[in-house]
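The structure under discussion appears below in the form of structure tokens.
Keep in mind it's a predicted model, so treat the numbers as computed, not measured. Any value given below was found using the heavy atoms of this structure, including those in side chains, with hydrogens, waters and symmetry copies removed. Below, chain A is the first sequence line, B the second, and so on; all start at residue 1.
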Amino acid sequence: MLQVERLTKNFGGLAAVSLVDMSVRQGELVGLIGPNGAGKTTFFNLLTGYIKPSEGRVRFEGKDITGRKPHRIASAGIVRSFQQDNVFAEFTVLDNLRLAQHLNSGINFWQTVFSTGGARRREREIRQEAEEILELVGISQLAGTAAGSLPHGHKRMLGIAIALACRPKLLLLDEPLAGMNIAEVDETIALVRRLWENGTTILLIEHNMRAAMSVCQRFCVLNFGRKIAEGTPDEIKNDPEVVKAYLGTGSSVA
Amino acid sequence: MDEINVLQGVLNGLTCAGWYVLVAVGLSLVLSIMNIVQLSHGEIYMIGAYVVYYFCVNLGISFYLGFVIAVLASGLLGIVLERVFFRPFRGKPDQALVLSIGLILVFQNIVLAIAGGTPKSYRSPFEGVVKIGSLALSTERLVIIIAGFVLIGALFLFIRFAKNGQAMLAISQDREGAALQGININRLSAIAMFVGCALAGVAGGLVGALFTLTPTMGATVLMKGIAVIILGGLGSISGAVLGGLIIGLIDGLVPVVTSSYMASLIGFAIVILILLFRPRGLWGHE
Amino acid sequence: MSSRKAAGFGATILLVLALVLVGLFVKGPYILHVFILIMMRVVLASSLRLINLSGQLSLAHGGLVTLGAYTSALLAMKLGFSTWLALLVAGVLAGLVSCLIGFPFTRLKGIYFTMVSIFFVQIIVLTVQQWRGLTGGASGLYNIPRPDGFWGIEFKSKTSFFFLMLIVMLASLLIMWAIERSRVGMTFLGIRQADSLAESVGINTTGFKVLAFSIGGFFAGLVGGFYAHYVSALDPTAFGFLFTIYILIYMIVGGAGAFAGPIIGATLLTVLPEVARPLESYMPFVFAAILMLIIFLMPEGLVGLPQRLNRLFRKTAKDQADVAG
């Protein structure tokens, strides 16, 4: 589904991401891990078009999408969540999801400005779909709350819901668990698993190793912008390179 | 268009470059340290020129004294502006920008009320003409070129070697990181405003002698300054020098062939092209 | 909420009725002229706010007004266009030019966009001054034809212009209001709040920003065209940098966050210099002072005044109750 070949990004003289090859197959749940500053978020930014790669290719469903603008990559089916500025703060939670359905709204400029019958009907459907997504993510009770006033954990959940509202083929989650309390972590892990079981392909950056190990089938490990290992959770845990990389940072793999 | 004219155009262009760089560097400094587009920067330049006029013509004392006072006054005005108007709006760049628009009206009308609307002029003591072969350059223009490049060179050295200069560089590259390292943003903002406005005062005092003074004379200079920093790369001092040279040479050379209007138009077209293809400017990297 | 909506609707109807009555019964040309000025500035400040919905603070408006004014005047004078067609073309051309410059300009975000947008005014004004053969250069244009009459209506009296501008204003505000409460308006606001996020859900943020800029440009051009046929004379500096700043001040002082903001701002700040004649030469200073007071004390603009007073009263009432208790 997703093939990445020799993806490289240099900032000045420094290689933030260097010659990374990886692929994600339809229906997989892949974890992207590595110590702080390993280039994981830069890698996401390269995949989704926020940064143009210095070298390398990104192919999605056979099409070359390297260097396309982010909104075109989103319409191709790759949608991401963000760590910061991850919600439309002034909108209500429900409106966040209504706007996020931009791509499949199918309403054009004149229809919405003149508020035609068709547009109004479609908006009702969109509202309904938004409510379903809130249900799925488990934050229905917050539909009318302003997104900016949500506590951190709920903001993160809304961030995932926004990405889901685009009906992604491939969902990229950037540290969805960061800053969550234990109950929220469990909820979110359950959600990620549910999404995956419903058929969404997911690529997940995560710092919380235990949580990542519990959901992902396969891992790709970055360190200093290079891919140092790839494999199942067991293979990764015992990989000497990975152990060394994590020992160097003082955090443990398992 | 013969060789002499072209060389003369280059000299005029260098004069413009010195002039524009002196103004643009202040804009750029304030932009990179404080994240503020200070649109009343052109008015600081205007005030610099009027202060020199006041000492030179109204009081009849001396150009040099007027010039020194103009530069100091511009710099101090910068500190006051930072403290009173811009500091409360740190992190709110839109509001700071609108405030600086208000300041344009305030400064123009204060000067209008004090000095009146009739154009003024004064002469600098740099008389005479320097001849290089068949080329002629008035001494006062030569002074602008030299002042421009010497002062910017000094600023370079300051940034490279002085402790405050290094701290400024750190802020311009990573605001949050710098704040975490305990860099005093208030003090550096004040220094940036002082230096930037003082340089605008230098430009006003020197260039004022070449043209007539009006309360709205800052507008043109602001446009040139903006063109220069967009061209050179936002927030980069070396970029501002490069941008100043380009815009200055265009303004010096193009009128040799057509008109100064075409020079403005070409400058504008280049800025548009830069925005389309290198939005970070010639000097800025991604 | 729906009672507030009803109240807003009722107030709008009353205001429109009041304006119609003014047009029917007020005969003083001076007062009608002030009303026409107010309505023009209401449309301009509102169109500036429409651009601002997408997070862009534009200082290009004066250039677009100049462009519209000269386009409409020249089409009618030199090519013999019907004034109505000329007016429409003026709006469309200003919109198209906004679209063209919008692409490079929107490469810069936030304050950087604002900074570069200033250029446009200067370039248009310079071009009009230099292109003497076409535009009359610095001396300007005279004897621009009045709007063509139809159905026995002649556009000579102030009253006829008052009603024409009233229709232009109401139509413009209606369109801008419809855009704002539509999905398009919602998209603009989303881009303003978090443009990377908007892009990630498939919104072409550049396209929408340019769209907002172009729609704003259309209305600026339209008002410029109206001005040309109304005053019947143009000079290149009428809508320069200062004019642009004033439009911005109307919007900010009234309140950029609410639809009524620019309407209130443009109205009050057009009336102020007329009632405070003795202060005339200090007006720019007064405007700047008002602008600064608003930014320091009430950044949401005058539209926030009722709410603030309300809170203040409640607080003093509570304090008094506390003292009494």
Exercise for the section: Check whether the ring centres of C:F120 and B:F268 lie less than 6.0 Å apart, and answer yes or no. Expected result: no

Problem - Contacting moiety of C:I290, where chain B heavy atoms sit under 4.5 Å - result: neither

Exercise for the section: Working to the nearest 0.5 Å, report the span between CD of B:Q108 and CZ of C:F285. Expected result: 12.5 Å

Handout entry: Heavy-atom proximity to chain C below 4.5 Å, by part of B:F89
Key = side chain

Practice task
Show your reasoning for whether side chain to side chain contact (heavy atoms under 4.5 Å, CB included) applies to B:L275 and C:F105.
Solution key: CA-CA 7 Å; B:L275 286 177; C:F105 284 8; 4.2 Å; yes

Problem - Segment of C:I295 engaging chain B (4.5 angstrom heavy-atom cut-off) - result: both

Completion exercise
Smallest heavy-atom separation, C:I111 atom then B:N35 atom, equals CD1-O, 3.6 Å

Completion exercise
Counting heavy-atom pairs under 4.5 Å with chain B, the top scorer among C:T127, C:I101, C:L59, C:L108 is C:T127

Problem - Heavy-atom proximity to chain C below 4.5 Å, by part of B:P88 - result: side chain

Fill in the blank from the handout: Heavy-atom closest pair (C:M292 atom, B:G102 atom, distance to 0.1 Å) is CE-C, 3.5 Å

Handout entry: Nearest-0.5 Å distance that lies between atom CD in C:Q122 and atom CG in B:L222
Key = 9.5 Å

Handout entry: Heavy atoms from other residues, nucleotides or ligands near CZ of C:R308 exceed 12 (cutoff 6.0 Å)
Key = yes

Exercise for the section: With a 4.5 angstrom heavy-atom cut-off, could you sort out which part of C:L126 is near chain B: side chain, backbone, both or neither? Expected result: both

Fill in the blank from the handout: In terms of heavy-atom pairs under 4.5 Å with chain B, the winner among C:F287, C:F119, C:Y282 is C:F119

Fill in the blank from the handout: Counting heavy-atom pairs under 4.5 Å with chain B, the top scorer among C:T114, C:I294, C:I249 is C:T114

Handout entry: Contacting region of B:L99 [heavy-atom separation from chain C under 4.5 Å]
Key = both

Handout entry: Over all atoms of both residues, closest heavy-atom pair of C:P284 and B:L105
Key = O-CD1, 3.8 Å

Completion exercise
Here the gap from C:I245 atom CD1 to B:L39 atom CG, rounded to the nearest 0.5 Å, amounts to 8.0 Å

Problem - Spatial distance of atom CZ (C:F241) from atom CD1 (B:I104) [nearest 0.5 Å] - result: 4.0 Å

Problem - Interatomic distance, B:I272 atom CD1 to C:F103 atom CZ [nearest 0.5 angstrom] - result: 13.0 Å

Handout entry: Pairwise distance CG(C:L248) to CG(B:L97) - rounded to 0.5 angstrom
Key = 8.0 Å

Handout entry: Region of C:Y246 in contact with chain B, defined by heavy-atom distances below 4.5 Å
Key = side chain

Handout entry: Pairs of heavy atoms under 4.5 Å with chain C: top-ranked of B:V106, B:V271, B:L265
Key = B:V106

Exercise for the section: Give, as side chain, backbone, both or neither, the part of B:A227 having an atom under 4.5 angstrom from any heavy atom of chain C. Expected result: both

Handout entry: Contact check, side chains of B:I229 and C:M115, non-hydrogen atoms, under 4.5 Å
Key = yes

